[in-house]
Amino acid sequence: MKIILLGPPGAGKGTQAKQISTKYNIPHISTGDIFRKNISEKTELGVKAQSYIDKGLLVPDELTIDIIKDRLDNEDCKNGFLLDGFPRTVKQAEALELFLNQKGDKIDYVLLVKVPESSILERMTGRRVCLKCGASYHIKFNPPKVLGKCDACNSDIIQRKDDSEETVKERIDVYNKQTEPLIEYYDDKKIMHSVDGTQDIEVVFKSISDILGDN
Ligand code: ADP
Ligand code: AMP
């Protein structure tokens with residue numbers, strides 16, 4: 001199963017991705033996680049990406065597309081994958097489509113997680129993440145069992161620098177201008193399903209499972 005999770009920052013894509021990846025046994029591929037890993041390891045890519053991420057801007061397509069192509073060529077993607085945070089521009093979507101077409105492949109589902117702009121700021125400024133495994137928590141809506149520690153791997157959880165109020169506002173603006181056009185792009189291809197992301201985490205997951213089925 002080849003799936004794209006689409007939706008504004010803070011919609012709950014990463015939260016749902018962890019559960020989908022486990023249930024359907026497909027790798028969860030988050031471009032944001034890949035960039036953050038490179039930033040923490042101070043790689044050349046990380047240094048380049050950080051200047052954009054810190055400002056709430058998108059990392060240029062040329063960098064992002066190559067990273068995803070490399071990742072999708074890995075053996076673990078043979079039977080499917082779950083993309084979270086990619087594509088974010090029409091150019092990225094077209095490049096992905098071409099890349100998959102050349103292998104006789106295609107995306108099966110695009111899941112659009114819908115959350116109104118009014119909820120996004122509270123969700124993102126209250127978000128805490130595990131730098132080691134990428135798990136996402138919320139101080140009010142989804143707190144970890146032990147304060148400051150990841151439930152999954154017991155590492156420290158932190159607030160992302162780009163989750164400050166000012167940067168979140170920029171990211172929402174970037175989403176509206178650069179990523180929202182993807183809704184029409186995938187709607188035209190008749191592979192998009194909308195999910196109400198304002199429901200409780202488990203209810204959102206149930207809606208997604210109903211769309212993807214039990215296989
Ligand atoms: P995204 O990956 O789309 O940016 P996350 O999955 O990191 O979003 O979720 C953003 C924040 O909202 C996190 O703090 C997360 O714990 C919280 N969250 C996710 N889903 C829900 C939900 N259904 N209800 C309330 N809070 C949620
Ligand atoms: P995320 O973890 O998905 O919220 O992404 C964090 C940041 O990484 C974004 O605000 C962008 O700066 C960058 N990023 C992640 N995915 C992409 C992408 N597909 N294209 C461009 N920039 C991206």
Side-chain angles (χ1 to χ4, degrees), residues 4-21 28-39 45-46 48-69 71-72 82-96 111-116 118-131 133-144 150-151 157-164 167-175 177-179 182 195-208:
I4 291 173
L5 276 175
L6 192 62
K13 301 183 296 296
T15 303
Q16 295 301 322
K18 295 274 173 217
Q19 299 198 52
I20 299 169
S21 165
H28 167 206
I29 302 173
S30 152
T31 33
D33 283 350
I34 295 173
F35 288 135
R36 280 184 289 279
K37 186 162 185 286
N38 276 275
I39 290 170
L45 169 69
K48 280 187 196 156
Q50 184 162 28
S51 56
Y52 298 95
I53 293 176
D54 284 355
K55 293 190 196 98
L57 303 174
L58 294 186
V59 177
D61 287 335
E62 306 79 73
L63 288 177
T64 311
I65 289 167
D66 282 347
I67 287 163
I68 279 292
K69 284 184 184 172
R71 180 65 187 85
L72 293 181
L82 173 63
L83 292 177
D84 162 15
F86 184 95
R88 260 177 157 101
T89 64
V90 171
K91 201 169 160 203
Q92 290 178 14
E94 288 170 347
L96 175 67
L111 302 173
L112 172 64
V113 186
K114 290 175 96 169
V115 170
S118 53
S119 311
I120 293 177
L121 196 62
E122 187 183 14
R123 279 202 183 184
M124 292 181 76
T125 50
R127 169 159 64 185
R128 299 293 182 269
V129 294
C130 173
L131 271 184
C133 75
S136 183
Y137 299 90
H138 191 282
I139 48 172
K140 186 162 133 197
F141 305 131
N142 183 26
C150 176
D151 292 352
I157 58 173
I158 56 126
Q159 179 166 29
R160 274 168 48 176
K161 200 172 162 192
D162 61 341
D163 278 347
S164 67
T167 313
V168 168
K169 284 182 177 157
E170 179 66 40
R171 290 166 70 194
I172 294 171
D173 201 37
V174 164
Y175 173 81
K177 289 191 181 119
Q178 295 183 260
T179 308
L182 288 179
V195 177
D196 176 3
T198 63
Q199 309 169 97
D200 284 349
I201 291 172
E202 288 312 320
V203 181
V204 178
F205 183 59
K206 168 82 173 66
S207 309
I208 290 176

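First listed ligand is number 1; within each ligand, the first listed atom is number 1.
- Contacts with ligand 1 closer than 4.0 Å are made by no heavy atom of Met124, backbone or side chain.
- Each of Thr179, Thr31, Asp61 was compared with Gln92 under the side-chain hydrogen bond (donor to acceptor under 3.5 Å, both in side chains) criterion, and only Asp61 meets it.
- Every N/O-N/O distance between Pro87 and ligand 2 stays at or above 3.5 Å.
- Inclusion of Arg88 in the set of residues having an N or O under 3.5 Å from an N or O of ligand 2 is warranted.
- The nearest protein atom to atom 23 (N) of ligand 1, hydrogens excluded, is given as Gln199 O, 2.8 Å; this is a heavy-atom distance.
- Atoms of ligand 2 found under 4.0 Å from any heavy atom of Arg36 (numbered from 1 in listed order, with element): 2 (O), 6 (C).
- Comment: Asp33 does not engage Lys37 in a salt bridge, judged by the lack of any side-chain N to carboxylate O separation of less than 4.0 angstrom.
- If you check which protein heavy atom lies closest to atom 7 (O) of ligand 1, you get Arg127 NH1, 2.6 Å.
- There is no side-chain donor-acceptor pair under 3.5 Å between Asp162 and Thr167.
- In terms of protein heavy atoms, atom 8 (O) of ligand 1 is closest to Gly12 N, 3.2 Å.
- Polar contact check, Phe86 against ligand 2: no nitrogen or oxygen pair lies under 3.5 Å apart.
- Checking only distances, Arg123 does come within under 3.5 Å of ligand 1, N or O to N or O.
- The contact set between ligand 2 and Arg171, taken as ligand atoms under 4.0 Å from a residue heavy atom, comprises 4 (O), 10 (O).
- We find that Arg171 and Asp163 are joined by a salt bridge, their nearest charged nitrogen and carboxylate oxygen being less than 4.0 Å apart.
- No side-chain heavy atom of Met124 sits less than 4.5 Å from a side-chain heavy atom of Arg160.
- For atom 19 (C) of ligand 1, the nearest protein heavy atom (residue, atom name, distance) is Thr15 OG1, 3.5 Å.
- Of the polar atoms of Thr31, at least one N or O is found under 3.5 Å from an N or O of ligand 2, judged by distance alone.
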